[in-house]
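All chains are named by letter (A, B, ...) in the order of the sequence lines, taking the proteins before the strands, and each is independently numbered beginning at 1. Not measured: the values here are computed from a predicted model.
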Amino acid sequence: MTTLMNIQTQYPLMDDAHLAHQARADPEAFAELYRRHVTSVYRYHMAHTGNVKDAEDLTSQTFMAALEGIRSFRGTGSYIAWLMGIASRKRALFFRGNKPQVPLDAALHIPTPSLPTEKIASRRLQRDQILSALQNISHDRAEALILCFFSELSFVEAGVVLGKSEAAVKMLISRGLQDLRTRTSIALEVEYE
Amino acid sequence: MNKDVLNQIPADEQPVASKLNSAAEDIQLSPAFQWELETQLMEKYKTKTQPALGWYTKITTAVGWAFAAICVVFLLNWTIRSLVPSISPASGETPTVTISFEGNVRAGNICAGPLAVAHNFSVSLTNQDKTGFVPLDGQKAIGELRSFDWSPNGQLAVVGNTAGNGNIYLVDSADNSLQPLIFNSELGYLMDVAWSQDGKQLLIWSLKDTTSVYLVHVDRTDLLERKFVPQLFSIPQLSPDNRSMVFYGADPIFAGLFELKFDDSQVISISPLVEDENGFAWSPEGSRLAYIEMDRDLGEARLVTMGDKMSVLATLPIPKGSGSSIPDVANLSWSQDGTKVIFDFGRSASDRVIYLAYADGSGFVKVVDSAYAPTISADGRCLAYISNKQVFLLDLTGVSLSSTTSTPLLLADLPAGRAIADFRLDKLQWRP
C-alpha cells in the first residue's frame, strides 16, 4: 500500500552504502540519502546548540560538505557514521569560533497543532531542561547520548564517530544516563512520574 | 525511536533514557527549511557535476552540431525525394500528402491542447508546437507547485505552498499566469486539488487535518469544510452530482475505498480491497467508477467498473498472502470518450508497466514497459507517458488487443523542477 502520507521512494530497499555509491552520479540518490538522515543531523545540532537558527545553519553546512565529499565515502563503513563525523567536525568548528551558546528559543517547530497549548509548553520546557542537562555532564558522555538518542546511531556507529569501541560507547551511555539521573533536574521529574 | 539502543539500556536507566528519546522526537525540522536546503543541495549538485566548458570546447561543440544538422537536412531531403514517386499527378487529381504522426502532433492537427506535467515540485505546460515544456512559475517566486487538475471545461487549477502555507491558483489561459484563488491560507500545507464535474467547485486536501476536506467555489463565494471519521490518504473525487465524494482512506476498522454522502455524512465502504491512492476514477460522463482491487487471497489485481452493473475489465497476477509485497497501481484515468481505462502498475519507476483496458470488457493490453503517468489526449489519439525522465507520445491508432505497432515519439525531457520529488508525485494530464 502506498500513500502520500508514507511515500516510498524508488530506492526503498537500497541500503545507504549503495545509495552513496550511486549518489556520485545520481542526484536522486543523494536526495534520498538527505531525506533519510536530515532529521538525525538536525537533532544532533539542535542538541548541541539549542538554537534553531544555528542548528539549521550547521545542518546545511554538514550536507553541503557531504555533497562535496561523497566520493570520499568508500562504502566500507556506515554512511550515517561518516555523515555524523562531518556533523561533529562542523559542530567543533562552530564552537571553536567562540560563538555564544544561546538558550533554546521559543520558536522550536513542533508539528502537533492538536496538542493543547499547556501541553506543548510543558514539553518544550522538558526538552529545554534535558538539553541544558546534557551540557552539564562530561563532553564524551553527552556526545555519546546525543549520537545514540538524538541521531539514532547504534553503539557501533557512535563508536566510529567517537573513535571508541562499542563497549566504550555503552559505558559512556550508561555513565551519562547515571549522571543525568543523579545530577540534574531530570531525576526529579522521573521520580515524580 | 532508537529501539536497539533502548533495549540495551539497564532497567533502572530506562526512565531517563525514555525522557531523552521524547526530547529528541520533539525536535522536528521545519518543512520550509528542509525544502529550502534540499533545493540548495540539488542546485549545488547540478553545478558540481556540470564541468565548466572552455571557449574552444564550446566552439567545437557548436560547429559539430551545425555540421550534424546540415547532414541530417541533406539526408532527409534525399530520402524524401527518393521515396516520392517522380511521376506528376494526373491532371485534375489533388496530390495527397501523408503527414507523419509527429508532424500532425507538432502542427496541432491531433492531440491538440496543452499537456500539463507536475514534476519535482514544479508544474509546466507544453509549448505551442509541443517540443518542450514551459514552467508556470518560471521565476520560482512560489515555494513549490505541487500538483494540478484540469476542470472538465479546461480550467487549470494548481496547488502550491509557500513556507508551509497553501495556495490555490487558477491559470489564466491567455498568458498562463497564475491567479491566486486561495493565498497563504491557514488551511496548512496543501497536498492536492480536484475539480467538481461541473467545473464550479474545487476540492482541497490539506495535511493539517486528514479528516477534513475543503470545498471552495471557483468564484470565491464559498469555502466549506467537510469533516468525517475516516482518515484521508489522498485527494477525493467528487461524484458527478456533487452530492458525495469517493476517496481512499481508513476508518478505525479497515482501509479501502469509501464514499461520503454529503447530505447525511454517511460513509459507505465501496471496497476494502483497494490499496492505492490513485487507483480509482470516475468516467467522464460520470456513470461509472473504475477502481483496482488487490485480492491478496486470490493473488490477483482486478480492474473493476461500478455503474449499473459491476464488471471486471482486467486481472493481473500479484503475490498471494497478506504479508506479501505487492505492486501498486497509480494514475488510473479514462479516455474522454469513456471507452478506455489506462493505469500504470509496478513497484518502482523503472519496472512499471502501462496497461490499457477497453471499458466494454473486450480485453486489455500491455502498452508500454518501464513507463508511468499515462494520460490520453482529448481526441483519444495520443497516449502521453513518462519513461526514463522523458515524456513520450504514442499513437493510439496503432494499439490494439493483438499488437502495438506505434513507435513512441519523444516529446521532451521532463522539466528540471525545483527539487527532487518522489516519482509518484509526477503527474501528466491533457487538457480535456
Q: List for me each residue that meets ring-ring contact (aromatic ring centres under 6.0 Å, His included) alongside A:Y79, sequence neighbours excluded, and say none if there are none.
A: A:H37, A:F73, A:W82
(Q) Between A:R43 and B:E25, does any side-chain N to carboxylate O distance fall below 4.0 Å? (A) no
Q. Can a salt bridge be assigned to the pair B:K389 and A:E28 using a cut-off of 4.0 Å between side-chain N and carboxylate O?
A. yes
Please name the pair of heavy atoms, one in [X] and one in [Y], separated by the smallest distance, quoted to 0.1 Å.
| X | Y | answer |
| --- | --- | --- |
| B:E38 | A:A31 | OE2-CB, 4.0 Å |
| A:S60 | B:L37 | OG-CD1, 3.5 Å |
| A:I130 | B:K19 | CD1-O, 3.3 Å |
| A:F149 | B:N21 | O-OD1, 4.0 Å |
| B:Q28 | A:Y42 | O-CE2, 3.7 Å |

[atom1] of [X] to [atom2] of [Y]: how many Å apart, nearest 0.5 Å?
| X | Y | atom1 | atom2 | value |
| --- | --- | --- | --- | --- |
| B:Y45 | A:I70 | OH | CD1 | 8.0 Å |
| A:S40 | B:L29 | OG | CG | 10.0 Å |
| A:T39 | B:Q34 | OG1 | CD | 6.0 Å |
| B:Q8 | A:K170 | CD | NZ | 4.5 Å |

Interchain contact, [X] with chain B, by part (heavy-atom threshold 4.5 Å):
| X | result |
| --- | --- |
| A:F63 | both |
| A:T59 | both |
| A:A23 | backbone |

**Q.** Side chain, backbone, both or neither of B:L41 within contact of chain A (heavy atoms, under 4.5 Å)
**A.** both
Q) For B:Q40, is it the side chain, the backbone, both, or neither that has a heavy atom closer than 4.5 Å to a heavy atom of chain A? A) both
Q: Taking the side chain as every heavy atom from C-beta outward, state whether A:L177 and B:L20 have any pair of such atoms under 4.5 Å apart.
A: yes
Q.
Could you tell me if the side chain of B:V5 sits less than 4.5 Å from the side chain of A:L153, heavy atoms only?
A. no
(Q) More than 12 heavy atoms of other residues, nucleotides or ligands under 6.0 Å from CZ of A:R175: yes or no? (A) no
(Q) How about CE on A:M64, more than 12 heavy atoms from neighbouring residues, nucleotides or ligands closer than 6.0 Å, or not? (A) yes
